Amino acid sequence: MPRSASVVGSTRRTVILAAAAAVTAATAAATATGWGRDEPETQPARADLDPAQVVDELTAGLSRTGPYRDPDADERSRARRAARLLIDHPDDRARQEELFAGLGFGAWHSTDPATGRPFTIFLADGSDERTWGALVLDRSAEARQVVQVPHPGFDLDTEKVGLALHRRLPGSVLLVAGAHREAAGGAADVAHNGDSLFHTLAVEFARRGLDQIQLHGFADRNLEGADAVVSTGSAPQSQVAGRIANGLSRSGLNTCRAWSRKCGQLEGTRNAQGRASAGLDSAFVHLELSWSVRRDAVGRDLVAQVLAERLRG
């Protein structure tokens, strides 16, 4: 049964408030989360924060009847500044938190229990229908790639593939949408919405030269016999896309290359981020995975390993 909008909002706020409470308990100096302030305090590190749990709980709260709205022009401008700051001035955490706070995001810093590497997670609280998801930044290296999950909870387990890949790419950014793709009459389908916050952040990262891989899923019956579809959307064919397709094939996955033949209308040619990237100096890869691959933990890990190797060149 789909959850009501009020329950969805409550679930998301529960996750965030629980994290804020843990911060307060960990240090007497952290007397407030800093949300709503013009100059929020930088959050102290948390040793117990697991991005997998945060992403799982965010995804579990999604519903077709959940809330969503696009950012307005001022919010998109703020998001572009925030994305630029993350890449150009990665150590300016206070300013980063200030910009994201103005977009309804809280920020927490921790060490990933799976990798031992430092990270920051920015998580939207869903207030005022700003269900804009999560951004996880691995702070152990210079940012190089953006792993995008536009349809969590709809393209099942793509968020699991995304997190597994992110953890294999030091310095990568994981961008996860915060609403079901059918919410708000389909406006929350960020892969086809050039006004979304997801799109705004993704394009600004691309302008900064970060390569993008966007993860999708298809039902086995929609392209029988195929395990994966690799394309570049509207962007030109790229070396990284070719490397990924070759790597998936060599790992035993039946891979359709959209630049070579038709792939069951799974080529992503109408993808908004792909179209925007076509004129930018960064690679965009649109990857569709069958349900047979996504539902299996071994298959997900295999894909993540291949992608990480090929994205690193």
Side-chain angles (χ1 to χ4, degrees), residues 2-13 16 35-36 55 58-59 61-86 96 98-107 122-136 146-155 158-159 162 173-208 212 214-216 233-234 268-280 284 286:
R3 300 185 182 187
S4 67
S6 62
V7 173
V8 172
S10 176
T11 299
R12 189 172 283 106
R13 284 191 294 272
I16 296 168
W35 290 12
V55 172
L58 184 153
T59 303
L62 302 183
S63 165
R64 290 175 171 83
T65 60
Y68 173 82
R69 72 166 174 86
D70 286 335
D72 59 29
D74 288 341
E75 289 167 331
R76 288 194 293 273
S77 177
R78 175 181 283 263
R80 286 190 289 269
R81 296 199 307 273
R84 290 194 295 268
L85 195 67
L86 286 178
Q96 292 165 15
E98 177 186 352
L99 287 170
F100 276 103
L103 296 168
F105 286 78
F122 297 94
L123 181 65
D125 66 354
S127 60
D128 188 27
E129 298 187 325
R130 294 185 295 182
T131 50
W132 293 337
L135 183 151
V136 186
V146 183
V147 181
Q148 301 173 5
V149 183
H151 300 147
F154 184 89
D155 290 353
T158 51
E159 72 282 351
V173 178
L174 174 64
L175 185 58
V176 183
H180 192 284
R181 71 173 292 176
E182 294 181 354
D189 181 0
V190 296
H192 299 95
N193 182 353
D195 290 327
S196 67
L197 191 83
F198 184 101
H199 180 82
T200 302
L201 292 172
V203 172
E204 199 59 40
F205 287 139
R207 291 185 191 281
R208 284 306 192 260
Q212 306 170 75
Q214 190 172 110
L215 303 173
H216 295 265
S234 296
T269 55
R270 296 184 296 108
N271 184 280
Q273 292 77 54
R275 287 183 172 182
S277 297
L280 300 176
F284 175 84
H286 183 279

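Remember, predicted model here, so these are calculated numbers, not experimental data.
Of the possible polar contacts, one joining the Asp72 side chain to the Asp74 backbone as a donor-acceptor pair under 3.5 Å is found. Looking at Ser77, its side chain never comes within 3.5 Å of a backbone N or O of Ala73 through a donor-acceptor pair. The backbone N or O of Thr269 lies less than 3.5 Å from a partner atom in the side chain of Ser234, making a donor-acceptor pair. A side-chain donor-acceptor contact under 3.5 Å links Thr131 to the backbone of Pro67. Of the possible polar contacts, one joining the Arg69 side chain to the Asp128 backbone as a donor-acceptor pair under 3.5 Å is found.
Counting only heavy atoms from C-beta outward, the side chains of His216 and Pro150 approach each other to under 4.5 Å. Side-chain contact check for Phe122 versus Leu103: every heavy-atom pair is 4.5 Å or farther apart. Side-chain contact between Arg207 and Arg84 is absent, with no heavy-atom pair separated by less than 4.5 Å. In this structure the side chain of Asp195 reaches within 4.5 angstrom of the side chain of Arg76, judged on heavy atoms. For the pair Glu159 and Leu58, the minimum side-chain heavy-atom distance is 4.5 Å or more.
Counting all heavy atoms, side chain and backbone alike, Ala179 lies closest to Ala188 at CB-CB, 3.8 Å. Minimum interatomic distance between Gly162 and Val149 (heavy atoms only, all atoms of both residues): CA-CG2, 4.2 Å. Taking each heavy atom of Ala183 and Ser63 in turn, the nearest pair found is CB-O, 4.0 Å. The two residues Leu197 and Ala79 make their nearest non-hydrogen contact at CD1-CB, 3.4 Å. The two atoms that bring Ala191 and Gln214 nearest to each other are CB-OE1, 3.7 Å, heavy atoms only. When every heavy atom of Ala177 is checked against every heavy atom of Val190, the shortest pair comes out as CB-CG2, 4.0 Å.
No side-chain donor from either of Gln273 and Gln212 sits under 3.5 Å from a side-chain acceptor of the other.
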Exercise for the section: List the steps and the verdict of side chain to side chain contact (heavy atoms under 4.5 Å, CB included) for Asn193 and His199. Expected result: CA-CA 7 Å; Asn193 182 353; His199 180 82; over 6 Å; no
Practice task
Please lay out, stage by stage, how Leu86 and Leu135 fare under the test side chain to side chain contact (heavy atoms under 4.5 Å, CB included).
Solution key: CA-CA 11 Å; Leu86 286 178; Leu135 183 151; 4.0 Å; yes
Practice task
Please lay out, stage by stage, how Leu280 and Val203 fare under the test side chain to side chain contact (heavy atoms under 4.5 Å, CB included).
Solution key: CA-CA 9 Å; Leu280 300 176; Val203 172; 4.2 Å; yes
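Note that CD of Glu75 is 3.5 Å distant from CH2 of Trp132, once rounded to the nearest 0.5 Å. One distance of note links NE2 of His192 with CG of Asn271; it measures 5.5 Å at 0.5 Å rounding.
The aromatic rings of His151 and Phe154 sit perpendicular, their planes meeting at an angle over 60°, well past the 30° parallel limit.
Taking the six-membered ring for Trp, Phe100 and Phe105 have ring centres closer than 6.0 Å.
Looking at Leu175, Val176, Asp189 one by one, the single match for side-chain contact (heavy atoms from CB on, under 4.5 Å) with Phe198 turns out to be Leu175.
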